[in-house]
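What follows is a short report on a single structure.
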Protein chains: 2
Amino acid sequence: MSERTKIKDIARVAGVSTATVSRALSDSSLVTERTREKVREAATRLNYRLNVRARNLRIQKSMAVLLVVRNMSNPFYLEIFKGVEEVARAAGFVLLMGNTEDDHDREVEYFDMLRDGQADGMILMTGNMPADHEIVRDASGMTPIVVALEAIENSNLAHVQIDNCAAAKQAVHHLADLGHKRIAHICGPLPEILSRLRLEGYRKAMAEAGLDIPANYEPVGNYSIQSGCECARALFDDVNPPTALFVANDEMAFGAIGELRRRGLRVPEDVSVVGFDDLFISQSYSPPLTTISQPRVEIGRTAMTMLLDIINARLSSPVVTEMQTSLIVRESTGAADQR
Amino acid sequence: MSERTKIKDIARVAGVSTATVSRALSDSSLVTERTREKVREAATRLNYRLNVRARNLRIQKSMAVLLVVRNMSNPFYLEIFKGVEEVARAAGFVLLMGNTEDDHDREVEYFDMLRDGQADGMILMTGNMPADHEIVRDASGMTPIVVALEAIENSNLAHVQIDNCAAAKQAVHHLADLGHKRIAHICGPLPEILSRLRLEGYRKAMAEAGLDIPANYEPVGNYSIQSGCECARALFDDVNPPTALFVANDEMAFGAIGELRRRGLRVPEDVSVVGFDDLFISQSYSPPLTTISQPRVEIGRTAMTMLLDIINARLSSPVVTEMQTSLIVRESTGAADQR
DNA sequence: AATTGATTTGTAATCGATTGCAAAATCTCT
DNA sequence: AGAGATTTTGCAATCGATTACAAATCAATT
C-alpha cells in the first residue's frame, strides 16, 4: 500500500500553503483561477484523495444518516430504503443501518449515535422512542429526526405519514359495496398506534355502512404471516364466520389466505380479502391481492428530503407531510354471495 | 445544546493528564486501579462521551463496513443483512449501505470509499467489480472484501457461496423422480455466473436422468416476477409445453405460476414448479412453493465473520466457505400425469 | 509615488482523541 | 539508605483536514 497523499504534499508540489490547497479544492471563491488550476493539477498528478475522517472531525459533521427499523428483514422497508438512499446519496450522505428488534437498549444506542455525532440525522421507523433520552426530552421540529411510517404520539418531531384511518375506511367500504355484511378485521398489535388507526377506520366504515361487528370479529395478530394464519383459524373455527376480511397488512393476509385454502375455502368466491401495504409480491400472489398501496419509494424520498431540510436548517417545509394511499382492486375480492 | 465534555475536561477534574484519561478509559493495563477509578468517576460525573470521529481519525479506522448490493429492494438480501448486522454490531462495527443498481460508476464509488478508509471492509453481493480499480488490481485474500452470494471469477478474494450447480441438480432430480419427462428451465440472465451454474446443474441432471432438452426449454429471464411471467408464456405458447419447471429463483417462479393460473393450468396438478431461494413468502404462497433453501442469515453471519477475521488479520480461516443448501418440498410439485 | 481598499495567500490554531518517549514514582533488593 | 528495576504518569507530537486572523499582493485613485 503506497503512502497516502495529503494536502501538505500538494501544498509542497504546487508551491502554496495548505490553506490555499484546501480552499482551492473546495472551490472557494477566495482563490484565483490560476492558483486553483495549479493546485488541481498537482492534486490529480499526486492522485490525491480527501481524507473524509479528518474533514469530518474538523467540520463537526459525519455526513451520515441513520435509518432505524424495528426489524431489518421486513420486506416492507425495502422500497423506502431505496427512496431514502436515492436522495441521501445525491446529497453526499451515506446510510447507516440500524436495527432495533424492538429492544429498548438498542434504540438508546442509536439515539446515542445521533447525539454523539456519529450521524447527522435519523429516519425513524420503529414507532418507538426511548422517552428518557436527552435527545427525546428536548426534541422539537428542528431535531434532525424524521419519523416515517409509524407516527409517534406526543412528539413534535417531523413526520411523513399516511392517513391510516381513511385508508382502512376505504378498504372496508369496498367490501361493503360488494355486498358483504359479515366483514371481520384482523388487527395488528394494539399498543401500536398504526394498528389502532386502522382498527378505528374499520369501525367507522362499518358504522357508516350500518353493519354490526360481532364480538370475535377483531382478532389481533402481530403482522406476521403466521399470526394471519392463526387469526383466520380463530375466525373460521367460530360460529358465524365472516364472508370478507380486511387484514391490517399483506403478510397477515397471505397467512389468512393460506389458512382459508387449507380449509377448502376459495378466495374470492367464498371469502373476499383485502390487505394493506401492497408488497412487491401482492400483485402476483394467487389470487392477486386487493390491497391498500402506499407510495413507499416516495415516502422514503420525502422523509430524506425533509431530514436534509432540517439538517441544513432550511426550515421552510412543513413538519408533517401526509402521503396519498390508494386502494388497488385485484382478484382477491368479489361480490358477496346473495343467499 | 450543552458543551460537549472532552477528555481534557476529565483530565482537569480528575487531576491527571489526557494521556492517562485516554488510557484509563480504554482499560489499558498501564494505569493503576486507583487512577482508573478516579478517572471513570470523573467521566460519569461529567457525562462524558467519546468523540468517535476524533478517535477514528487518530487510530485510522472507521469501524464501518460497506454492504454493497445491486438492488436494494430485492427481498432476497434481507436476511443476509440481518446476519451481517448481528455479527457487525457485536464487534462494534456499523453498517453502511451501498446500492449499485448495476452501475459501474457507483461500484467505483464504493470501492473508493473502501480505499479511502471510509469503511474498513466490504461485503460485496453484486457479482461485479470495477476491474480497473486499484483495489481490485492488487486484491488478494487479505483484501478486506468478502464476496457473498455471487461468485466473482478470476479473483482470489474471500468468498461465501453455495454450490449452485449441485443445488440445481437436486431440484431437477426431484422433478425427474416424480416422473416428469418434459422439464424446462427458466434461466437467470446468462452473463451472470450464478445463472450459468444453475443452468449447468439443470443440464447435468437432465443428462443423468436421460432426458432431452428441446430447443425452447431454456428461456432466459432476469430474476423479476415479470420476466418469469414472460418466460412461462413463451414456453406454453409453443408446441410441446413442459409438465414441470425448474425456475432459477422464486420471484420468477411466482411470475410463472401467475401466468399458468391465467391460462387455467393448475399447480401442481397440471404443471409442477420448483423455485430457488426460499423467500420468506414462498412457504405461504398458494400453493406453497417447492424450492431450494439457502441459509441466508447464516451466510450473512459467516461473511461478516470472515471479514472481521481479515480486518483483524486473523488469517487462520479459509478463504472460501461453502454453505449448505437444501431442497424444501412443498405443494407446488407433484407426480407427473401418467398418460 | 503614496494611499486606500479589495483580493489573495499564509501562519498557526483547532477539531478530540491516541501514543512514543521521557520523566517521575514506586518497588526490590542488597 | 541507595542503586537499580519496574510501574505509572505526563509531555507533546500526531492523525489530516478547515478556518480565523494576519500578512502580502494587487488595483485604483489622487
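Proteins get letters first, then strands, A, B, ... in listed order; numbering begins at 1 in each.
- Between the side chains of B/Ser140 and B/Asp138, not a single donor N or O lies within less than 3.5 Å of an accepting N or O.
- Across all strands shown, A/Ser29 has heavy atoms under 4.0 Å from sugar-phosphate atoms exclusively, and none from any base.
- Looking only at atom types and distance, the side chain of A/Lys82 has a donor-acceptor partner in the side chain of B/Ser73 under 3.5 Å away.
- Annotation: B/Lys61, atom NZ; neighbour count of heavy atoms from other residues, nucleotides and ligands within 6.0 Å does not exceed 12.
- Taking atom CG of B/Asp116 as the reference point, atom C1' of D/dG16 lies 13 Å away to the nearest angstrom.
- Distance, B/Glu37 CD to D/dT8 C1': 17 Å, rounded to whole Å.
- For the pair B/Lys61 NZ and D/dG16 P, the computed distance is 15 Å after rounding to whole Å.
- Spacing between atom CZ of A/Arg53 and atom C1' of D/dT14 amounts to 14 Å, rounded to whole angstrom units.
- For the pair B/Leu57 CG and D/dC15 P, the computed distance is 9 Å after rounding to whole Å.
- For B/Arg55 and C/dG16, the shortest distance from a side-chain N or O to OP1 or OP2 is not below 4.0 Å.
- Between the side chains of A/Thr302 and A/Thr305, not a single donor N or O lies within less than 3.5 Å of an accepting N or O.
- Residues B/Val84 and B/Phe93 form no side-chain contact, since every pair of their non-hydrogen atoms from C-beta on lies 4.5 Å or further apart.
- Protein atom NZ of B/Lys8 is 15 Å distant from nucleotide atom C1' of D/dG10, rounded to whole Å.
- The CZ atom of B/Arg34 sits 12 Å away from the P atom of D/dT8 (whole-angstrom rounding).
- Here the side chains of A/His133 and A/Glu107 are not in contact, with every heavy-atom distance at 4.5 Å or above.
- In this structure, B/Gln60 does not reach the C/dT18 phosphate: none of its side-chain N or O atoms is under 4.0 Å from OP1 or OP2.
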Could you list all N or O pairs between the protein and nucleotides 9-14 of chain C that sit under 3.5 Å apart?
from, atom 1, to, atom 2, distance (Å)
C/dT9, OP1, A/Thr32, OG1, 3.0
C/dT9, OP1, A/Thr35, OG1, 2.6
C/dT9, OP2, A/Thr32, N, 3.1
C/dT9, OP2, A/Thr32, OG1, 3.1
C/dT9, OP2, A/Thr35, OG1, 3.2
C/dG10, OP2, A/Ser17, N, 2.8
C/dG10, OP2, A/Ser17, OG, 3.3
C/dG10, OP2, A/Thr20, OG1, 2.7
C/dG10, N7, A/Arg23, NH2, 2.8
C/dG10, O6, A/Arg23, NH1, 3.4
C/dG10, O6, A/Arg23, NH2, 3.0
C/dT14, O2, A/Arg58, NH1, 2.5

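- A/Ile59 comes within 4.0 angstrom of the backbone, heavy atoms only, and of no base.
- Here C/dG16 presents its C1' atom at 10 Å from CZ of B/Arg4, a figure rounded to the nearest Å.
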### Query
Step by step, would you call A/Arg49 with A/Arg4 a side-chain contact (heavy atoms from CB on, under 4.5 Å)?
CA-CA 8 Å; A/Arg49 306 230 92 226; A/Arg4 285 280 303 260; 4.1 Å; yes

